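These notes are about the structure you will find just below.
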Protein chains: 4
Amino acid sequence: MNKRELILEATLDLITEHGFHATPMSMISKKAKVAAGTIYHHFENKEILLEALYTESKGKMGRAMQLATVNGENYEADYKSIWISLFIFYADNSKTFQFLEQYAQSPFIRKETKEEQRKHYQPIIDFLGQGIRKGYLKSIDVEILTEMVHGTVVSAAKIFHQQKELSKIAINELAQFAWQAAKA
Amino acid sequence: MNKRELILEATLDLITEHGFHATPMSMISKKAKVAAGTIYHHFENKEILLEALYTESKGKMGRAMQLATVNGENYEADYKSIWISLFIFYADNSKTFQFLEQYAQSPFIRKETKEEQRKHYQPIIDFLGQGIRKGYLKSIDVEILTEMVHGTVVSAAKIFHQQKELSKIAINELAQFAWQAAKA
Amino acid sequence: MNKRELILEATLDLITEHGFHATPMSMISKKAKVAAGTIYHHFENKEILLEALYTESKGKMGRAMQLATVNGENYEADYKSIWISLFIFYADNSKTFQFLEQYAQSPFIRKETKEEQRKHYQPIIDFLGQGIRKGYLKSIDVEILTEMVHGTVVSAAKIFHQQKELSKIAINELAQFAWQAAKA
Amino acid sequence: MNKRELILEATLDLITEHGFHATPMSMISKKAKVAAGTIYHHFENKEILLEALYTESKGKMGRAMQLATVNGENYEADYKSIWISLFIFYADNSKTFQFLEQYAQSPFIRKETKEEQRKHYQPIIDFLGQGIRKGYLKSIDVEILTEMVHGTVVSAAKIFHQQKELSKIAINELAQFAWQAAKA
DNA sequence: TATGAATGAGCTTTCATTCAT
DNA sequence: TATGAATGAAAGCTCATTCAT
């Protein structure tokens with residue numbers, strides 16, 4: 001594992017536990033077992049380290065969603081498959097999820113960076129846009145609909161991480177919740 | 001307006017704009033037009049100031065929800081009325097909303113404080129529990145359902161604050177989204 | 001008990017326990033059960049409060065020494081009587097002793113104040129001067145001799161307060177130590 | 001000269017002149033010509049800096065006493081040699097002496113630290129214990145005797161630093177004072 | 001690339017003192 | 001006299017960042 005990744009991993013761990021302001025660079029260097037100066041060889045400054053972590057995290061999320069089995073035969077099944085893929089990513093990567101939630105809105109991440117990372121939602125936006133056009137989904141502005149649907153995954157993941165055990169049935173129930181919400 | 005409130009207001013303004021770590025006490029004291037030391041007469045330290053703001057904000061949210069017109073005749077109408085009341089509170093109080101979202105999960109707020117403020121959701125939990133028992137709503141664990149429904153309001157408020165204009169019709173559509181999601 | 005005395009007493013207690021810099025005026029006002037402002041009606045500022053305590057303490061010490069039974073018949077007996085009187089004062093007034101030792105040399109007390117309080121040693125200086133002239137004591141500069149003899153009382157008192165139990169016999173032994181040291 | 005020593009030296013100078021509470025860290029960093037933060041690389045906090053200074057000072061004192069010429073042939077001569085060695089150390093190192101006197105009793109130094117530094121007196125305790133056993137000295141508890149004898153050196157040093165010129169003869173007189181005090 | 005001692009601006013917090021009541 | 005909320009200068013300390021090695 002190279003130093004850059006060690007640093008990012010340590011940062012994710014520490015920042016979700018203590019928060020940005022309570023995580024000094026020295027603490028990161030200690031946890032990552034590198035010298036303080038080494039962090040600066042890989043990341044210009046603390047803010048940029050945070051943004052790099054944000055970018056990496058969003059990328060992982062995007063890739064997770066593409067693992068959904070979407071065969072185009074049954075729209076409802078595809079919708080639920082995507083929903084569950086994202087849910088599972090958030091469930092399996094608790095720290096990444098926490099980090100994204102915590103810093104998604106925060107002023108630490110520059111607007112441009114956020115904007116740029118919106119690209120990962122594009123496949124979803126397209127999928128939902130299709131659903132609207134084909135009459136499967138409510139005809140609401142597609143970006144609004146995307147946000148609303150994404151919100152249901154986030155809520156489900158929060159519940160999961162609050163240790164309310166979610167059996168497979170319950171997960172399907174929540175996918176159903178998200179489907180009924182959006183369907184025409 | 002007494003000093004305590006001036007301080008809380010200044011803190012809300014600055015913290016939503018710059019974040020916790022980027023808001024020095026000196027900045028708060030300046031904005032609130034009190035001496036730095038005065039803050040410490042009212043709040044033991046910076047963390048406790050933040051927690052006080054959290055508690056006050058949650059209280060306001062709780063009170064807003066109780067303004068909904070719930071007459072018990074039409075469950076769906078009552079459900080939507082509560083949903084819209086909370087949405088309007090989040091829409092009208094952008095900073096309080098941002099603050100709650102940003103710090104709801106954050107490690108700055110102690111677990112106990114968060115736990116204590118859950119009380120404000122109790123009326124909603126009761127209302128939804130009733131809906132489940134009477135067969136109006138899906139029979140999902142009521143706390144899970146509450147979280148999911150609350151999530152839809154939060155998503156709607158986020159959309160609103162991203163300046164996507166939401167006409168009254170659109171709001172009703174989102175309330176409808178939330179209703180269909182939950183209904184049996 | 002009037003407020004002035006309450007304040008001085010609280011100051012003595014706190015300052016010997018925590019030291020000057022670690023004893024805020026607020027702590028004194030709390031312990032003395034008076035308002036912060038009240039201290040300033042009786043003492044111009046913190047330094048003057050400390051000096052007042054020093055002056056009072058030195059006065060008490062002076063009065064204690066005058067309780068010695070000095071009848072002029074037996075110089076050695078008189079010498080030991082004075083020595084023991086001062087020792088007993090230091091033993092019985094542990095906080096005053098600690099305070100005087102701690103602040104005797106300290107830069108918190110102005111030179112003039114220290115100088116002024118030397119008057120309490122005058123009777124001793126006279127008594128020892130007499131002893132030198134009459135050939136009972138070593139012919140060393142009287143002020144030097146006074147300091148040396150006083151030093152033996154201070155050492156004895158330190159031992160006492162370190163809880164090494166000092167029986168009456170041991171005290172007499174130490175008085176004897178002090179006598180042999182000085183005698184011609 | 002390394003930074004740690006520069007800091008300790010500056011601290012000794014300033015603290016004896018102004019006292020602990022009246023010596024801000026900024027003043028020390030200025031005098032030592034290091035950055036404020038550098039002090040914290042070498043000493044955890046202000047209190048620990050003080051304790052380090054105390055430990056170093058006691059060590060120097062211990063080493064000074066071991067320079068006495070003790071040949072074991074003449075107990076009185078050896079006793080006086082040790083006495084004078086310590087006196088000379090206190091005389092030559094006025095700031096160290098002042099510091100030790102001022103902080104020996106003070107609540108700034110933890111009990112354990114004080115206790116630990118008692119080791120430097122062990123050779124003296126042994127030497128005096130021997131003197132008692134061989135009948136040269138009064139049979140008083142050896143620790144008490146040590147304290148009393150040390151007290152005479154301290155008093156002599158105080159006199160010296162009050163600028164009362166002490167000629168070599170006078171010093172021998174005071175050593176004689178200390179010898180007569182303790183001898184059997 | 002990697003190190004980590006050193007920097008110093010800027011932070012949170014304290015506390016002597018004031019003053020309207 | 002007595003009060004105690006308010007003040008704000010100044011303290012101790014932290015930590016992002018640099019740079020000689």
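Letters A, B, ... mirror the listed sequences (proteins, then strands); counts begin at 1. Remember, it's a predicted structure, so these values are computed and weren't measured experimentally.
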Between dG12(F) atom P and Phe108(D) atom CZ, what is the distance in whole Å?
-> 12 Å
Under 4.0 angstrom between Lys3(A) side-chain N/O and dT3(E) OP1 or OP2 = yes
To the nearest Å, how far apart are Arg4(D) CZ and dA6(E) P?
-> 12 Å
Closest to the Ala35(D) side chain: dT7(E), dG4(F), dG4(E)?
-> dT7(E)
For Lys30(D), which residues count as a side chain to side chain contact (heavy atoms under 4.5 Å, CB included) partner, sequence neighbours excluded?
-> none
Partners of Arg110(D) by salt bridge (charged side-chain N to carboxylate O under 4.0 Å, His left out), sequence neighbours excluded?
-> Glu51(D), Glu112(D)
Reckon Lys30(C) has a side-chain N or O less than 4.0 Å from the OP1 or OP2 of dT3(F)?
-> no
Would one find a side-chain N or O of His42(B) under 4.0 angstrom from OP1 or OP2 of dA6(F)?
-> yes
Sugar-phosphate means primed atoms, P, OP1 and OP2; the rest is base. With that split, encode nucleotides 16-21 of chain E 5' to 3' as B, S or - using protein heavy atoms under 4.0 Å.
-> SBB---
Specify the separation, in whole Å, of atom CD1 of Ile7(B) and atom C1' of dT7(F).
-> 12 Å
By side chain to side chain contact (heavy atoms under 4.5 Å, CB included) - contacts of Lys33(D) (at least two apart) | none
d(CE, Met27(C); P, dG4(F)) in whole Å | 18 Å
Can you name the residues that form a side chain to side chain contact (heavy atoms under 4.5 Å, CB included) with Glu56(B), not counting sequence neighbours?
-> Arg4(B), Leu8(B)
Listed by chain and number, what are the salt bridge (charged side-chain N to carboxylate O under 4.0 Å, His left out) partners of Glu5(C), not counting sequence neighbours?
-> none
Val34(C) or Ala22(A): which one's nearest nucleotide on DNA chain F is closer to the 5' end?
-> Val34(C)
cation_pi(Lys46(C), Phe108(C)) dist<6.0 Å, angle<=45 | no
Side chain to side chain donor-acceptor pair (under 3.5 Å) against His120(A), all qualifying residues, sequence neighbours excluded = Gln117(A)
Does Lys119(B) have any salt bridge (charged side-chain N to carboxylate O under 4.0 Å, His left out) partners at least two apart in sequence or in another chain, and if so, which?
-> Glu116(B)
Strand DNA chain F as a dot-bracket string - pairs counted if Watson-Crick or G-U with both distances under 3.5 Å, | where the partner lies in another strand | .||||||||||||||||||||
Using atom CD1 of Ile39(A) as one end and atom P of dC15(F) as the other, report the distance to the nearest whole Å.
-> 14 Å
